[in-house]
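Handing you this structure, nothing more for now.
A note on names: the letters A, B, ... follow the listed sequences, proteins ahead of strands, and every chain is numbered from 1.
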Amino acid sequence: MSTPRRILVTSALPYANGPIHIGHLVEYIQTDIWVRFQKLRGNECIYICADDTHGTAIMMSAQRTQCTEEQWIKQIQQEHMRDFAGFQIEFDNYGSTNCPENYALCKEFWQAFKDAGLIEQREVTQLFDDQQGIFLADRFVQGSCPHCDAEDQYGDSCDQCGATYSARELKNPTSTLTGSVPIEKSADHLFIMIEQLHEFLSDWSQSGEHLQTEIANYLQGHFLHEPLRDWDISRPAPYFGFEIPDHLGHFWFVWWDAPIGYIASTQQYCARTGGDLNSWWKNIDTEIHHFIGKDITYFHTLFWPAMLKVADYTLPTKVHIHGFLTVGGKKMSKRDGTFIKAETYLKHVDPTYLRYFYASKLNGKVDDLDLNIEEFVAKVNSDLVGKVVNLASRTAKFVQELGLATKYPDDGGLFAQGAAAGEAIAEAYESCNYNLAMRLIMELADEANPYVETHEPWKLRKDPARQDELQNICTVAINLFRQIIIYLSPVLPELVEKTESLLGEQLNSWEQAKIPLTGSPVAKFNHMLKRLEKKDLQTMIDETREENDAQAADAAKSMANPPAESTENQPAPPETDDAATEPTVDHPYSDSDQPLKDEPLADEISFDDFMKVDLRVARVVKAEHVEEANKLLKLTLSLGGDETRQVFAGIKQAYDPADLEGRLVIMVANLAARKMRFGLSEGMIAAAGPGGEEVFMLAIDEGALPGQRVH
RNA sequence: GGGCCCGUAGCUCAGUUGGUUAGAGCAGGGGACUCAUAAUCCCUUUGUCGGCGGUUCGAGUCCGUCCGGGCCUACCA
């Protein structure tokens, strides 16, 4: 065997502003599997992580719950660690970016940048919330677009006309924190002139060794083709973070200290275990592997390598970037109950299932991966229960008294074949192509079950003269099972423990899959894995929905000072920053979900589909009762000029014709005419509501003209 | 508008440096078994490999183009 590799592995630091959900878990499970695999192979490997604890959002959360930031992040960290443990994610050290080790390292990196002459001071004018005493990041300001006057736009760009601008250009700006009108205020900021590292970053990122090709292309296309912009690395007080020693009153931006937290957490690991930090972070013989989501790519592939380079630390061997989780083909959503917290999942469903399912979907690419409920159930039950566990469950009890044969019997080469497959499976794990690894392993299970089938141990059992034969058959079956469990052990640690109890043997090395187990006793077989029931998943989803409803109700109660909360980050691990975090203000209204239940959303359409519908502003020039009709009014609509349409609208119980004449409505102008009992209807009026008296027509703001199209 | 990724059986996907009649699992259909968690085993149906054009003796695999899906980013690439 080759000499053991020395490998340091990290997952992105989860932001200490919200709970872990199943989207986060894609990454932590992916990483945990990789780490367990490396350890199983005999490599020296440590898994390092920590909570990311600094920044404005944390400050706001602490304020809202009326505790100190330290109290807040401590509690969140405990929740995070509890949830990770629940999913059998095993860190060698789990720290916090808010620790003395991290501060010291931040200073060291800072000094290196100063020595290299890469820091520059400049004055920046920003909007400032006087009431809160805080500078406002773009996403914390709302106002009207300076170009098209669209209302309620954020401070960076307009989602109506697409214009980009600075927050200071917004008309009638308000702070989303307090609702007050922000003022302009200047402050000094410190910038890193990262352009000076351009050549290094091009070489490093384009070498083909460290990044997936699509990521390298992305960096080239978006950043490296032009001079790199200076990086604003400081934030003026108040800010929850580390104060910059030689610029008191200013703090390092959270993205400075967050990745350095990887090193700080390693340092804690070394202190605890008597190791040497430099042997991990300043040693070209140590591999460094970062696992991250695609949302934080450029922090880890541009800024972070630059920081390591300047401070003279080892550069990452590989940055493994994964996509987001979708559920049922759609983004996770609170409304659908698919925004499932780790905690909620664990109340209803075995974590083993999710670990296996993610493993079966992960392929080492940046593609998003989908959790489909039906597929989830089918895969887990068919593969794990039906194929793998079944092997033990159908044979173990036959040899409970006999134990395993002392000599491994002739099995027609099955075990040897499984042993030979080990290298291909290992390669698949190594390259994060777990999907392939799972397929290769299941092929082995597909060979093993027919073996049992054709040798019919249940018949031999009844014949006292053929007990040796029975023992041999079961020895083979149990060994094939054991081999499969070893290969699956990075994914399913719990199943390994159960197998260890069954066989009275520690399974902790990949090599064990090459040598059959013989002559040892077999314990009483206990159920290893329940079948996954769809109804358990449904219960979990229902509960998630209820949690969200309750949360919305709470938010409505405490709407006096709407908090800026950012727990709704996309599935990927949200190490976060002011710009990347979308502080989705949980809106204060608690509208019922009934209308959507009554009439679920229609299938998605393309833009072109939408454009087929020609909606027009029209003026009601005449409105009359239709005597024999219960629901209909006969309207004459003008599209301007001589263009008029006769439309029968089912709004009789809701509107008095006299009130309608003269007002503007929205009509579907290109709908095929329809012959009705009372005449021809040449279009429809746009309105909402269940019907009867509850019909509400669309109104349009002053200034719109009949005939104008609605876009 | 630009960039990247993707488009193979009903579903999830494999298809190695282009090479013979395109595969697996699941689902579906038929049969067998009863040790096992209504698990297992055997047999079995299905594909204009998104469309078109090109290179080649030969293309799912290379090139061009178009259509469709996703993501990223914008009057910069």
Could you check whether A/W304 and A/F299 have their ring centres less than 6.0 Å apart? no

Which whole-number value in Å describes the distance from A/L480 CG to B/C35 C1'? 16 Å

Which part of the nucleic acid, if any, lies within contact of A/P457, taking any heavy atom under 4.0 Å across all strands shown: a base, the sugar-phosphate backbone alone, or nothing? nothing

B/A24 and B/C63, which share atom name P, separated by this distance in whole Å: 29 Å

Nearest-Å distance once atom C1' is located in both B/G18 and B/U56: 9 Å

From the set B/A36, B/C71, B/C33, return the single nucleotide nearest to any side-chain atom of A/W458. B/C33

Less than 4.0 Å between a side-chain N and a carboxylate O, is that true for A/R482 and A/E505? yes

Which whole-number value in Å describes the distance from A/L532 CG to B/C26 C1'? 15 Å

Between B/G47 and B/C41, how far apart are the P atoms? Round to whole Å, please. 26 Å

Checking all strands, does A/V389 fall into the base, sugar-phosphate, or nothing category for heavy-atom contacts under 4.0 angstrom? base

Mind checking if A/M442 touches a base, just sugar-phosphate, or nothing, with heavy atoms under 4.0 Å? nothing

Write down the distance separating the P atoms in B/G54 and B/A59, rounded off to the nearest Å. 12 Å

Flag the pair A/W458 / A/F398 as yes when their ring centroid distance falls below 6.0 Å, and as no otherwise. no

Provide, to the nearest angstrom, the distance between the CZ atom belonging to A/F223 and the P atom belonging to B/A74. 8 Å

Rounded distance in Å between the C1' positions of B/A9 and B/U46: 6 Å

With RNA chain B as reference, determine whether A/N433 or A/T395 sits nearer its 5' end, using the nearest nucleotide of each. A/N433

Check the phosphate of B/A39 against A/R394, side-chain N and O only, distance under 4.0 Å to OP1 or OP2. Yes or no? no

Any cation-pi pair here, A/K309 with A/F200, using under 6.0 Å and within 45°? yes

Between A/Y451 and A/D411: side-chain donor-acceptor atoms closer than 3.5 Å: no

With ring centroids as reference points, do A/H289 and A/H320 lie under 6.0 angstrom apart? yes

Using atom CG of A/L219 as one end and atom P of B/A77 as the other, report the distance to the nearest whole Å. 18 Å

Lys/Arg cation over aromatic A/F191: A/R122, 6.0 Å, 45° cone: yes

Which nucleotide sits closest to the side chain of A/K397: B/C33, B/C42, B/A36? B/A36

Taking A/R355 for its side chain and A/Q88 for its backbone only, find out whether a donor-acceptor pair lies under 3.5 Å. yes

Rounded to the Å, how far apart are A/L391 CG and B/C35 P? 17 Å

Between CD of A/E453 and P of B/C43 the distance, given in whole Å, is 12 Å

When you compare B/A32 with B/A39, how far apart are their C1' atoms, in angstrom units rounded to a whole number? 15 Å

When you compare B/G69 with B/A27, how far apart are their C1' atoms, in angstrom units rounded to a whole number? 24 Å

Under 3.5 Å for both distances, Watson-Crick or G-U wobble, that's the pair rule; now give the dot-bracket for RNA chain B, with | marking pairs to another strand and [ ] for crossing ones. (((((((..((((.....[...)))).(((((.......))))).....(((((..]....))))))))))))....

Taking A/G323's backbone N and O only, do any of them form a donor-acceptor pair with A/K294's side chain (distance below 3.5 Å, no angle check)? no

For nucleotides 10-14 of chain B, give me every protein contact, N/O to N/O, under 3.5 Å, one pair per line with atom names.
unit_1	atom_1	unit_2	atom_2	d
B/U12	O3'	A/K361	NZ	3.2
B/U12	O2'	A/K361	NZ	3.3
B/U12	O2'	A/E375	OE2	3.3
B/A14	O2'	A/R439	NH1	3.4

B/G28 and B/C62: how far apart are their C1' atoms, nearest whole angstrom? 38 Å

Judged by nearest nucleotide, the residue sitting upstream toward the 5' end of RNA chain B, A/A378 or A/R461, is A/A378

With heavy atoms under 4.0 Å as the rule, sort A/N449 into base, sugar-phosphate or nothing. sugar-phosphate

Determine, using ring centers only, whether A/Y28 and A/F87 are less than 6.0 Å apart. no

Over how many whole Å does the gap from A/Y218 atom OH to B/A74 atom C1' extend? 12 Å

Minimum-distance nucleotide to A/S393 side chain [options: B/U34, B/C71, B/A36]: B/A36

Can you identify which nucleotide, out of B/G25, B/U37, B/U40, has its nearest atom closest to the A/D383 side chain? B/G25

Around atom NZ of A/K347, are there more than 12 heavy atoms from other residues, nucleotides or ligands closer than 6.0 Å? yes

Among B/C26, B/C35, B/C71, the one nearest any side-chain atom of A/K387 is B/C26

note: A/D446, atom CG; B/G23, atom P; distance rounded to Å ~ 18 Å

Could you point out which residue of A/Y429, A/Y434, A/F291 forms a ring-ring contact (aromatic ring centres under 6.0 Å, His included) with A/W34? A/F291

